[in-house]
Every structure is written in structure tokens, then in C-alpha cells.
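Okay, so here's the structure we're looking at.
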Amino acid sequence: MTVRTRFAPSPTGFLHIGGARTALFNQLFARRHGGAYLLRIEDTDKARSTQAAVEQILESLAWLGLSPDEPPVFQSTREARHAEVARELLAQGKAYRAYETPEELVAMRERAMAEKRPPRYEGVWRDREPGPEQEGQPFAIRLRAPRPEEGTGETVVEDLVQGTVRVANTELDDMIILRSDGTPTYLHAVVVDDHDMAITHVVRGDDHLTNTFRQCMVYDAMGWHRPRFAHIPLIHGADGAKLSKRHGAVSVLDLREQGMLPDAVCNYLLRLGWGHGDEEIISRERAEKIFDIADVGRAASRMDYTKLAHVNGVYLRQANPEALLPEVLRRLTAAGEGFGTDKIAKLKLLLPALQERAKSLAELADSAAFVVADGAPELDEKAAAVLTPEAKGRLEDLAQFLSGAPWERADLEQWLRDYADVKQVKLKEIAQPLRVALTGSTMSPPIDLTLFALGRDEALARMLTAAGDDLPPPI
RNA sequence: GUCCCCAUCGUCUAGAGGCCUAGGACACCAGCCUUUCACGUUGGCAGCACGGGUUCGAAUCCCGUUGGGGACGCCA
């Protein structure tokens, strides 16, 4: 039997990190077994589902390389089928009509809670035939839960991650599968859809673990084979609490905007809750070979943005500069104007050195800003401190000296060393003021490269500007 | 309240009874490299929640305690 998995988000908001990891595991598991990974949009809650959310989820998945192998299924288009199955269960006597109103049920639940009883449906209509007064009244369809006298007394799930999980059937009540307005409930729709989509392995968050027992009731009632289940633990925020907006960027699209690379995000997510020996940096290709759902841990893990940044830095360093350029330009031109070919050429020269020093595309763009700046860059605090009167004097002198240099990187380095020799100072003492003059910062790629990339005119101009502040005022 | 799940350095994890005086990674601290920063590299700090068993031997198995998390909807 071919493995078929699915990711089933509800479009009530953006795709967050936890969902992304669930999708990743589903895809990896399917690929590992040569199967298919599908997507089902669970949009049966019309009040909360939005088209914008659907599009955002699709975009997020596409960005992460987690688009499904088949066109997505929209659950809302399948309501007739859900109702059909519910009516079949009703016809077989495995389900029954229940006439309580939603308000009555809320009241019953609250009463049970107040009396510290389990808030379960008491089964009033389970064995009661509707009388004349029910004629024409709306009703919900409830599924008969197994009763101890009807079977083993417990429902068992062999979970691929959690192991054997069992629950007494007395914990299960008669759940509603079809609402009084004829729409299906989630627990019912999921089962019907998973069955019809021929899903063999349900990989999802372990917040669904206890729901699984209720879903098994539907499979069993219909005589369908249950799929295998794998409930993966949730991801928590750095403080251990449930992941929420308070924990920073939890939306996948936020991570993109912060300059994370999709493969880095997936690599990080893969290592949350799953490990393979001492391997840390794992390519998509390798992950498809070694990922095993049985190796997923059972404990919840915490989101660690610092480590994500580290992994992203690794991928950024390995990235092809050509591939990064458009994104860097986009970030640099957020203000509006485009750049001439000369500036882009300078950027291309510096990009490989710059990307080695950045942990995100955002940092990369920031660090590249000096390259495309018009004229001298602004100095940060540390940089300003470097430009002592003495340093400024030296800069002017150095500019004079370098104006005669051949503008090649190796030559420039040699000229700088020669200059330092002649002046009897360490290279560092001229490199730092020069760096500040050129970039506005005390940190930059190697100074010879920076000098070369900026070009003779631009470099000398910036040096003179930096030196200029301290020149005697013109008469 | 009831049920379910979980528990190794601050964090992510390796570990499936002796290979563990518990390994790796991030972060942190020192040193080295060096024209700055970063990278790299060397070393350091730091953990089997607790209590009982089982066993010649337990991070690994069992029970309990504590502490987390999740589920109990005509939401998904």
C-alpha cells in the first residue's frame, strides 16, 4: 500500500512554526516511503475561515518547499459527503437523532463542571424514540459510543510516536457528527476525508491525541480501516508556554521577512523533537533518506530563535551569492530608488564576504548598505571614536598615497602594508580609521577588498570626507 | 474536576541495562588565528526532577511523588 499523508490546517490565521513542522514531517515521511504528501484545508468553520488565510498558508508552504504533491482538498466542498456518511450511520442505527438545543447543552456542561463531574453528554436521546412533539424540530446526529457491555471496554491506539495509548470507553460519549443545521463536525469530517483521500498515516500535533479515540469511533462504525497515527509533540515558546504571538515571530511569513532561508528554517524545525545521532546540518535530500517518524521524541520542545539564527547563518554562508543578490537589493531598495549598475557591481564584489558575516538576509542587507550609500556613510558611535584628529590626518595622507596605487585587491593590500611600514605603525592602526571612513563602521569585510570593491574614486572621496572634518577651515 | 501524554546541560538533542567518570549542537566564558567583525580552532562552565523497587549492574525497566503539557464544543 502506498503511503499517503496529509497536512490539514484550518485557515483561521497564518501558518505558524508548529504547523510548518507538522507539514515538514508529513512530507518527509511520505518521501521517505515513496508516497504522497497532500494538503487539506479545513475550512468548515465559515465564521472564522478566510480566503486571505488560505492564500497565506499556501504561500508559506510554497516558500518552505512544502507544497503538496496533489492539488489541495477544501473540506467545505465535501459537506454533502459528510452528511451522507452521517445519514448512513443513522440508517444503520449506529447513530441517532438528539434534540437538545446548543443552549441546553451548554447549560448541562456548565452544571457538570460546577458539580465537578466530567462534562460528558448523558445520552438522553440514545435510546429514546422522538415523540410527536419532536416532529419538525431540528436535531443533531450523534454517534453511539461503544459501551463496556458491547465490547472490550477500552479503545486502543497504536501510535507511531506515543506508543500504545488506551482509554476506557466510559470516557467516550456520543459525539455529534452532524449539526442541526446539517453541517458536519470536525471530528466526523476529518475521518470521512482521510478515508476518502486514502490517507494511510495521520501525522499531526499531539493536541489531537485524545480526539483520536473519538475519530476511531467513526472508523469503526463505518467498518473502515483506521490509518496509522503519529502524534508529534507541540512546540512551545522560549518560556515553555504554548506558542503565541508574544513569543516573537511565530508566523512563517514573519521568519521570511526577518531574512531566514527556507531550508534553514526546515533544518531547524527538523531538529526540534527529532534527532539523528550528532547530525545538526541536514539537507532536505538527506532528511528524506534518514527521517523516521519513530525517532520523533514525545516531549514538547521550545522554540529557540538564537539557534535558528545560527542554522540560518550556516545556510547563508553556503548560499550562492548570485541567488542572494535579488533579495538583498529588494531589502536595500525598500525606501524606493533603484541602483545603477556600478553600485550593483560593487555589491557583487562584496557579497561573498558580507554573507559570511551575516545570520539573516536582514543583517546582510544592513551590512551592505554602505556599499550603495551616496557619499560618506554615517558613523556609528564606535566608529566616530576611531576618527581621532590624528587618524584624520593620517587618512588624508593615506588618500594622497593611495591615489597612485593600481586599483587591484592584492596591490592595495601591499600598498597598505608598505604604508604602515614606512609610518612605523601596525597595519591595524591605519586599517581601522580607513574602515570607518569607507563603511561608517568598525566592522566590515577585509579592508583591502572593501577598498577595491568601492573603486578608486568613491574610496578616496570617502577618505577625504572623513578626514575633512578636522581640516583647517578654508580662508 | 476527569482522562491522556511527557520529564538527560539554560535550550535542542545522542543515549534502546554494562561501551557513560553521560556525547554533540546553540548560547555563554577563556585562548589561538587575525587588518576589524565574522568564520575557523582549542579548552571551560553546565544535565540524567525526586523517592522507592527489579538487577551482579539503571539515564536506560517497574511503581509512586513532584513538575510541565494537552484534551474534555452543534471550534478546528
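Proteins get letters first, then strands, A, B, ... in listed order; numbering begins at 1 in each.
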Please report, rounded to the nearest Å, how far the [atom2] atom of [N] is from the [atom1] atom of [X].
X	N	atom1	atom2	answer
A/Arg357	B/rG40	CZ	P	12 Å
A/Asp173	B/rA71	CG	P	16 Å
A/Tyr315	B/rA38	OH	C1'	20 Å
A/Asp206	B/rA7	CG	P	12 Å

Taking the [atom1] atom in each of [N] and [M], what is the distance between them to the nearest angstrom?
N	M	atom1	answer
B/rG17	B/rC48	C1'	15 Å
B/rG53	B/rG69	C1'	28 Å
B/rU41	B/rC26	P	9 Å
B/rG10	B/rG73	C1'	39 Å
B/rG47	B/rU11	C1'	12 Å
B/rU55	B/rG67	P	31 Å
B/rG15	B/rC56	P	28 Å
B/rC62	B/rG43	C1'	42 Å

Do [X] and [N] have a side chain to base donor-acceptor pair shorter than 3.5 Å?
X	N	result
A/Arg435	B/rU35	yes
A/Thr185	B/rC74	no
A/Arg298	B/rC5	no

Among all residues two or more places apart in sequence or in another chain, which pass the ring-ring contact (aromatic ring centres under 6.0 Å, His included) test with [X]?
X	answer
A/Phe29	A/His33, A/His201
A/His195	A/Trp224
A/Tyr219	none
A/Tyr96	none

For residues A/Leu234 and A/Arg21, report the shortest heavy-atom separation together with the two atoms involved. C-NH2, 4.0 Å
Only one of A/Phe401, A/Trp407, A/Phe452 clears ring pair (Phe, Tyr, Trp, His ring centres under 6.0 Å) with A/Trp415; which? A/Phe401
Counterpart residues, side chain to side chain donor-acceptor pair (under 3.5 Å), relative to A/Asp181 (two or more places apart):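 Checked A/Asp181 against side chain to side chain donor-acceptor pair (under 3.5 Å); matches are A/Thr183.
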Just call it for [X]: base, sugar-phosphate, or nothing, with non-hydrogen atoms closer than 4.0 Å on any strand.
X	result
A/Asn211	base
A/Glu171	sugar-phosphate
A/Arg166	sugar-phosphate

Residue matched to B/rA38 through Watson-Crick or wobble contacts both under 3.5 angstrom: none
Which nucleotide, in any strand shown, forms a Watson-Crick or G-U wobble pair with B/rG67, with both distances under 3.5 Å? B/rC6
Can you pull every protein N or O that's under 3.5 Å from an N or O on nucleotides 58-67 of chain B?
none

The criterion is salt bridge (charged side-chain N to carboxylate O under 4.0 Å, His left out); which residues satisfy it with A/Glu363, sequence neighbours excluded?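 Expected list: none.
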A/Arg302: what forms a salt bridge (charged side-chain N to carboxylate O under 4.0 Å, His left out) with it, not counting sequence neighbours?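 Expected list: none.
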Considering only [options], which nucleotide approaches the side chain of [X] most closely?
X	options	result
A/Leu209	B/rC74, B/rG40, B/rC4	B/rC4
A/His208	B/rA76, B/rU35, B/rC39	B/rA76
A/Ser180	B/rU36, B/rC74, B/rG70	B/rC74

Side-chain donor/acceptor pairs under 3.5 Å, residues 161-168 of chain A, sequence neighbours excluded:
| residue | atom | partner | partner atom | Å |
| --- | --- | --- | --- | --- |
| A/Gln162 | NE2 | A/His231 | O | 2.9 |
| A/Thr164 | OG1 | A/Glu158 | OE1 | 2.8 |
| A/Thr164 | OG1 | A/Glu158 | OE2 | 3.4 |
| A/Arg166 | NH1 | A/Glu154 | OE2 | 2.6 |

How do A/Ala358 and A/Phe213 order along RNA chain B: which one's closest nucleotide is nearer the 5' end?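 The answer here is A/Phe213.
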Which is more 5' along RNA chain B, the nucleotide nearest A/Pro184 or the one nearest A/Val167? Just name the residue.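 Its nucleotide being nearer the 5' end, the pick is A/Val167.
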Can you give each donor-acceptor pair under 3.5 Å made by side-chain atoms of residues 432-442 of chain A, sequence neighbours left out, with the distance rounded to 0.1 Å?
| residue | atom | partner | partner atom | Å |
| --- | --- | --- | --- | --- |
| A/Gln432 | OE1 | A/Arg435 | NE | 2.7 |
| A/Gln432 | NE2 | A/Thr442 | O | 3.4 |
| A/Arg435 | NH1 | A/Ser444 | OG | 2.8 |
| A/Arg435 | NH1 | A/Pro445 | O | 3.0 |
| A/Thr439 | OG1 | A/Arg435 | O | 2.8 |
| A/Thr439 | OG1 | A/Ser441 | N | 3.1 |
| A/Thr439 | OG1 | A/Ser441 | O | 3.1 |
| A/Ser441 | OG | A/Met443 | N | 2.9 |
| A/Ser441 | OG | A/Met443 | O | 3.1 |

Quick one about A/Asn312 and A/Tyr268 (side-chain donor to acceptor, distance below 3.5 Å, no hydrogens or angles considered), yes or no? no
Give me the residues of residues 41-51 of chain A where at least one heavy atom lies under 4.0 Å from an atom of RNA chain B, by number, or none.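 Hits under 4.0 Å, by residue number: A/Glu42, A/Thr44, A/Asp45, A/Arg48.
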So, OP1 or OP2 of B/rG1: does either fall under 4.0 Å of a side-chain N or O from A/Arg111? no
Side-chain N,O (A/Arg120) to OP1/OP2 (B/rU2) below 4.0 Å: no
Nucleotide by nucleotide, 5' to 3', does protein get under 4.0 Å of the base (B), only the sugar-phosphate (S), or neither (-) in nucleotides 13-26 of chain B, counting heavy atoms? SS--------BBBS
Do A/Arg142 and A/Arg126 have side chains that approach each other closer than 4.5 Å (heavy atoms only, starting at C-beta)? no
